[in-house]
2 protein chains.
Amino acid sequence: MTELLWGKEPARTRGPKPAITLTAIAEVAIAIADAEGLDAVSMQRVAGELPVTKMALYRYVPGKTELVAVMSDLAMGGPPDRPDLPWREALHTWAIDLYDGFTRHPWLLQSTIGRRLLGPNELAWIERGVAALTGTGLSGGEQLDSILVITSHVRNIAQQSTTFPGHTTGLTEEDMQQSLAEILATEADRFPHLTTAMRTSAGSENQGLEFGLARILDGLELLISGRTG
Amino acid sequence: MTELLWGKEPARTRGPKPAITLTAIAEVAIAIADAEGLDAVSMQRVAGELPVTKMALYRYVPGKTELVAVMSDLAMGGPPDRPDLPWREALHTWAIDLYDGFTRHPWLLQSTIGRRLLGPNELAWIERGVAALTGTGLSGGEQLDSILVITSHVRNIAQQSTTFPGHTTGLTEEDMQQSLAEILATEADRFPHLTTAMRTSAGSENQGLEFGLARILDGLELLISGRTG
DNA sequence: ACATTACTGTGTCCGGCAGACACAGTTACT
DNA sequence: AGTAACTGTGTCTGCCGGACACAGTAATGT
């Protein structure tokens with residue numbers, strides 16, 4: 001598994017040449033997931049867009065789980081190159097870059113959750129984030145926890161703002177808003193604070209990313225300045 | 001669907017009495033999910049622990065999606081009663097309560113993601129969170145964004161610290177750590193900052209929840225004090 | 001040159017899943 | 001008594017991931 005993710009070739013010897021490659025499989029799978037969602041990625045479907053049958057894929061990949069891991073790390077890519085900046089600006093652009101990545105491949109939000117083996121690209125993202133915090137006086141654990149908080153925020157904002165191709169119940173943002181409005185209209189007495197909060201949040205759409213990011217970075221700044229000064 | 005979640009009875013008239021109830025179905029499903037993970041919840045499996053067959057369940061619930069929604073809102077429960085406290089302490093205990101809920105039913109992390117219709121209990125949680133922030137000078141949108149940030153953090157911490165019964169690749173925390181250690185040992189030059197960060201984060205386990213929460217609340221406090229003062 | 005060995009791709013099969021649909025039995029209203 | 005509305009059931013379809021045996025192919029050893 002680690003070998004798959006990190007691209008160690010098994011040093012071929014005898015036997016027929018493989019008809020395809022692991023990356024070709026992953027690229028096809030990524031294209032399907034981008035177009036129709038992660039749930040549309042099945043071994044059948046992937047093999048159908050390659051000159052092989054379903055079972056041939058198992059010569060390249062132990063199972064579906066591993067295929068998803070490989071395609072995820074590949075689609076994620078590494079963090080884009082950015083000029084050196086003070087830690088706060090660096091982390092800010094890092095977060096925005098991460099957000100862009102998730103909006104490019106929304107299914108990454110599904111496939112990169114929970115305990116899993118980390119691939120080179122995912123690790124490169126972490127490396128970049130930690131790098132921004134070196135020299136701030138934070139301990140290693142604090143650095144890791146810090147970028148974890150930011151990642152959590154970015155992920156959840158991306159999750160709520162992105163529209164998934166497949167899988168989900170097919171609700172639009174309007175459906176949710178309307179359903180919520182109806183409920184609050186009939187049960188306003190059960191949710192008084194929420195009702196007034198919704199009323200005074202009319203036009204403030206899609207500010208969630210920057211708002212939360214500003215709070216988290218403010219909190220970090222407080223800690224860092226207290227640590228160095 | 002909204003009727004299901006909010007428990008509107010369809011006012012029975014003729015025909016045989018139903019052999020079971022919607023809540024009985026949901027409770028069985030919850031028990032299965034608690035014991036064996038959300039993936040173990042199938043219509044077959046649920047019906048198997050009730051005096052009906054699989055297809056009978058479709059008389060109570062339109063499909064699997066709706067069953068998961070109902071069982072999720074039921075398992076989530078409402079927020080526990082807490083004494084009135086200043087906003088910061090109130091939000092802190094709110095976050096801890098939420099975290100406890102997710103550790104009690106880890107599968108809620110899977111079932112309550114993305115766009116979905118909100119049930120009464122989930123809305124009660126939001127209401128409680130927003131209530132803590134009334135009178136702080138924050139706008140309705142800011143209040144909602146604030147509790148969203150906290151929710152994101154709590155969710156992601158719960159996700160990484162909880163061990164799922166089913167579904168996941170079956171990796172233990174040690175497996176991940178060891179795999180990461182091996183990678184960093186062989187490719188240390190590609191991830192220098194991460195390597196040193198890992199080295200100086202030896203014993204600091206499981207502090208992620210409080211650390212991130214403290215940063216977020218610090219950031220909010222900064223905003224609120226600037227807003228009121 | 002030839003047999004051996006290791007590898008690749010394929011077809012078939014299995015169990016499990018969500019759900020459509022027709023049908024039989026049950027209850028209440030007319 | 002008849003009818004209409006409702007519940008539970010059995011059967012069927014089309015997916016899915018994956019096990020396994022088998023045939024073909026290319027490099028190796030003799």
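These values consider heavy atoms only, across backbone and side chains, with no hydrogens, waters or symmetry-generated copies. Order of the sequence lines sets the chain letters (A, B, ...), proteins ahead of strands, with each chain counted from 1.
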Euclidean distance, atom CE of residue B/Met43 to atom C1' of C/dA20 [Å, nearest integer]: 13 Å
Distance in angstrom units between B/Arg14 CZ and D/dT7 P, rounded: 13 Å
Closest contact, heavy atoms only, A/Ala29 versus A/Met71: O-CE, 3.4 Å
Student check: side-chain heavy atoms of B/Pro80 and B/Asp97 closer than 4.5 Å: yes
Gap between atoms CG and C1', on A/Leu67 and D/dC16 respectively (whole Å): 14 Å
The single option from B/Glu127, B/Gln143, B/Arg128 passing side chain to side chain donor-acceptor pair (under 3.5 Å) against A/His193: B/Glu127
4.5 Å side-chain heavy-atom contact, A/Trp94 and A/Ile150: yes
Nearest-angstrom distance from the residue atom CG of A/Asp39 to P of C/dA18: 13 Å
All N/O pairs under 3.5 Å across the protein-nucleotides 8-14 of chain C interface:
{"from": "C/dG9", "atom 1": "OP1", "to": "A/Ala19", "atom 2": "N", "distance (Å)": "2.4"}
{"from": "C/dG9", "atom 1": "OP1", "to": "A/Tyr60", "atom 2": "OH", "distance (Å)": "2.9"}
{"from": "C/dG9", "atom 1": "OP2", "to": "A/Tyr60", "atom 2": "OH", "distance (Å)": "2.9"}
{"from": "C/dG9", "atom 1": "N7", "to": "A/Arg59", "atom 2": "NE", "distance (Å)": "3.0"}
{"from": "C/dG9", "atom 1": "N7", "to": "A/Arg59", "atom 2": "NH2", "distance (Å)": "3.3"}
{"from": "C/dG9", "atom 1": "O6", "to": "A/Arg59", "atom 2": "NH2", "distance (Å)": "2.4"}
{"from": "C/dT10", "atom 1": "OP2", "to": "A/Thr53", "atom 2": "N", "distance (Å)": "2.7"}
{"from": "C/dT10", "atom 1": "OP2", "to": "A/Thr53", "atom 2": "OG1", "distance (Å)": "3.1"}

Between P of D/dA19 and OH of A/Tyr58, the distance in whole Å: 7 Å
pair B/Leu117-A/Asp175: side-chain heavy atoms closer than 4.5 Å: no
Atom-to-atom span, CG of A/Leu38 to P of D/dG17 - whole angstrom: 11 Å
Distance, rounded to the nearest Å, where B/Lys64 contributes NZ and C/dA18 contributes C1': 8 Å
Side-chain H-bond candidate by donor/acceptor type, A/Arg116 with A/Thr65, under 3.5 Å: no
